[in-house]
Amino acid sequence: MTIGLGGVIVKRVRSELLPGVFLTCLQTDKFKTGLLSVSFLTRLCREEAAQNTLIPSVLRRGTLRSPDMDALAARLDILYGARIEPVSRKLGEIQAIGFWADFVDDAFLPDGNGGLLEEVAALLGELILSPNTRGGLLLPQYVDSEREKLLEDIRARRNDRAAYARQRMLELMCVGEDYAVDVLGDEETAESIGYVALTKHYRTLLATAPVEIFYCGTAEPERAAAALRDALMTLPRGEIDYDIGTDIRMNSVEAGPRRVTEELDVAQGKLVIGWRLGDSMEDPDIPVLRVMNAVFGGCVLSKLFRNVREKLSLCYTASSGLDLMKGVLIAACGIEPDTYDQALDAILRQLDDMKAAENITPEELDGAKQALTHDLTALTDSAGALEGFWLSQNLQGLDFGPEELAALLIYVTAEDVAAAARNLECDMIYFLRGEEETSDADEED
């Protein structure tokens with residue numbers, strides 16, 4: 001498929017390289033660096049999240065040919081300073097683990113040198129398939145070292161109070177659902193990871209996990225496919241576990257929203273509210289849902305920003321976010337504890353207003369579309385952003401790019417937005433406040 005992307009012609013090709021191994025290739029000369037990513041897909045669950053996150057970090061410590069990080073760094077220096085980093089991501093209730101690499105595109109190498117794509121692909125394959133092992137097992141010192149780093153990251157999550165409050169709200173709202181699991185896993189599970197069990201889990205993933213590969217650069221799709229096929233030709237393939245995905249629950253758990261207040265050492269209260277998208281997830285109209293979120297709290301012309309933050313001065317921050325894979329809308333605000341009732345009422349009132357098309361002004365609707373168009377256009381300026389976009393698209397079975405999505409925004413009406421707002425069901429109201437504070441929220445616990 002050939003599409004226009006930021007004024008540059010791009011050929012986009014998707015193919016299956018090996019059983020359950022899919023490549024999305026964007027051919028473009030827009031960037032001076034090429035990008036490769038390899039993502040193994042597995043179910044996000046409490047028992048395995050920490051193991052999954054740990055695996056690429058351990059593999060990145062060394063291979064049979066380059067047994068430690070110094071040796072790997074030397075090889076990357078020879079490859080014109082290429083970078084390869086471990087990644088672990090949460091997409092709905094799917095965990096994607098693996099590596100991304102960026103490197104000088106062959107078309108921009110000095111003296112007409114070439115073949116860097118093949119060398120980087122080969123090194124990626126080496127990291128995945130030929131880690132430094134002893135007796136067929138991952139090295140215990142590497143596993144122990146990376147496990148301690150992971151535990152530090154898990155313990156440090158509370159330091160970002162806003163992110164912690166958002167994750168805590170999701171844990172409570174989606175209790176019993178895989179979506180509640182943090183991509184890093186939990187401290188108790190991470191502490192118990194040993195090198196023997198991790199090796200077994202790693203080998204199971206190699207054999208059973210679907211794999212998504214992304215390439216962006218000047219190389220022809222056929223060349224990129226050949227390089228990656230060669231790099232992964234020894235990947236063991238057993239019975240591929242295609243039965244992974246996201247359980248979409250359209251309705252709230254109870255008739256009314258559940259309310260929880262918790263205490264932590266915070267200077268500013270964090271109010272986080274979660275909605276299910278309701279009947280909108282029967283056949284999601286993605287442009288409509290994106291505009292609905294933008295009108296509510298997804299841009300600086302939104303109702304939350306202009307009314308709750310600017311006009312009423314009830315919060316320091318106010319925004320909303322949408323997860324279309326799970327069918328969840330989240331609003332988050334930083335507030336003074338004694339304004340809890342006023343802030344909550346004001347937030348909910350903005351959403352109630354949106355349920356009638358006449359309450360959505362042309363300025364709000366046009367501002368939302370312009371903000372979304374800007375964000376989608378900005379995606380095309382970053383190979384890394386395009387990688388994340390297409391990984392999400394592929395997992396949802398969607399085939400349109402950023403510019404096509406931006407074009408569809410034009411047709412969204414105020415009534416479309418109001419109809420989507422009417423489908424929302426408030427499921428959880430979570431408030432994180434400072435310790436030993438008193439607040440009107442106490443009466444609702």
Under the salt bridge (charged side-chain N to carboxylate O under 4.0 Å, His left out) rule, collect the residues that match up with [X], sequence neighbours excluded.
X	answer
Asp182	Arg157
Lys32	none
Asp323	none
Asp153	none

Please list, chain by chain and in numerical order, all residues satisfying side-chain hydrogen bond (donor to acceptor under 3.5 Å, both in side chains) with [X], sequence neighbours excluded.
X	answer
Tyr242	none
Glu254	none
Thr53	Ser88, Gln95
Asn251	Glu425

For [X] against [Y], the heavy-atom pair lying closest together:
X	Y	result
Ala190	Ile154	CB-CD1, 3.9 Å
Leu432	Ala165	CD2-CB, 4.1 Å
Asp106	Leu117	OD2-N, 3.6 Å
Trp390	Pro402	CZ2-CD, 4.4 Å

Return each pair, listed once, that meets side chain to side chain donor-acceptor pair (under 3.5 Å) where at least one residue sits in residues 285-301; pairs must be two or more places apart or across chains.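 Non-adjacent pairs meeting side chain to side chain donor-acceptor pair (under 3.5 Å): Asn293-Ser320.
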Not counting sequence neighbours, list each pair that qualifies as a salt bridge (charged side-chain N to carboxylate O under 4.0 Å, His left out) and has a residue in [range].
range	value
residues 210-221	Lys11-Glu220, Arg14-Glu212
residues 296-320	Lys303-Glu364, Arg306-Glu363
residues 272-281	Glu177-Arg276, Arg276-Asp427

Would Asp243 and Arg43 pass as an ion pair if we require N to O under 4.0 Å?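 Not counted as a salt bridge, because no side-chain N and carboxylate O are separated by less than 4.0 Å.
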Can you tell me how far the CD1 atom of Ile213 sits from the SG atom of Cys25, to the nearest 0.5 Å?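 Ile213 CD1 to Cys25 SG: 11.0 Å, rounded to 0.5 Å.
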Relative to the ring of Tyr215, is the ring of Phe103 parallel (under 30°), tilted (30 to 60°) or perpendicular (over 60°)?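 Geometry flag for Tyr215 against Phe103: parallel rings.
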